[in-house]
Structures are given as structure tokens and as C-alpha cells.
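Reading through the C-alpha cells given below for one structure.
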Amino acid sequence: MTLWNQIGKLQERAEKVTALDQKYKETQQVNEDNKREIARLNDPEYVEQKIRKELHYVKQGETLFYVPKE
């Protein structure tokens with residue numbers, strides 16, 4: 001009976017370890033993505049591109065046109 005209980009506990013802990021390992025890998029991926037983004041933010045051209053796209057900034061003399069999405 002004791003052996004049976006221990007096997008159940010071992011399987012439960014193995015599942016927890018697997019779930020935590022998956023979460024760890026996802027966190028590592030997010031961390032790598034953030035490091036890459038930080039490195040890219042040191043590039044003035046990338047920063048300009050990002051500002052123009054996300055904040056809809058335009059240079060002097062340019063005209064911004066909005067196209068409706070379907």
C-alpha cells in the first residue's frame with residue numbers, strides 16, 4: 001500500500017516538474033526576445049521606424065493617410 005502511494009506521488013511530482021520545465025523554457029524565450037529588442041533599441045533607425053509605425057509620427061512635409069481596415 002505504501003509503495004502504491006509513493007508511485008502516485010512520484011507521478012504527480014514528475015508532472016509538476018514537466019509543467020515547470022515548460023514554463024521555464026517559455027520564460028527563457030521571452031527573456032531572449034526582450035534582450036533582442038533592447039539591443040535593437042540602440043539603433044536610431046529602428047527607433048525611428050518604431051515611432052513612425054506605432055505613434056504615427058511623420059516627418060515635416062510628409063502627409064499621413066489612414067486606410068480603413070476591412
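Because only heavy atoms are used, hydrogens play no part in the values below, and waters and symmetry mates are left out as well, while side chains stay in. Residue numbers run from 1 in the order of the sequence given.
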> From K23 NZ over to T18 OG1, what is the distance, rounded to the nearest 0.5 angstrom?
Replying inline: 14.0 Å

> At what distance, to the nearest 0.5 angstrom, does CG of D33 lie from NZ of K35?
Replying inline: 11.5 Å

> Under a single-linkage definition using a 4.5 Å side-chain heavy-atom cutoff for Ile, Leu, Val, Met, Phe, Trp and Tyr, are Y66 and V58 assigned to the same hydrophobic cluster?
Replying inline: yes

> Going from CD on Q28 to CD on E26, what distance comes out if it is rounded to the nearest 0.5 angstrom?
Replying inline: 11.0 Å

>> Distance check, rounded to the nearest 0.5 Å: K25 atom NZ versus L20 atom CG?
In response: 12.5 Å

>> If you count every heavy atom of other residues, nucleotides or ligands that lies below 6.0 Å from Y57 atom OH, does the total exceed 12?
In response: no

> Transitively linked via ILVMFWY side-chain contacts under 4.5 Å: L55 with V47?
Replying inline: yes

> Taking it one step at a time, do V30 and N34 satisfy side chain to side chain contact (heavy atoms under 4.5 Å, CB included)?
Replying inline: CA-CA 6 Å; V30 168; N34 288 337; 3.7 Å; yes

> With a cut-off of 6.0 Å (strictly less than), are more than 12 heavy atoms of other residues, nucleotides or ligands near CD of E45?
Replying inline: no

> Going from CG on L64 to NZ on K59, what distance comes out if it is rounded to the nearest 0.5 angstrom?
Replying inline: 14.0 Å

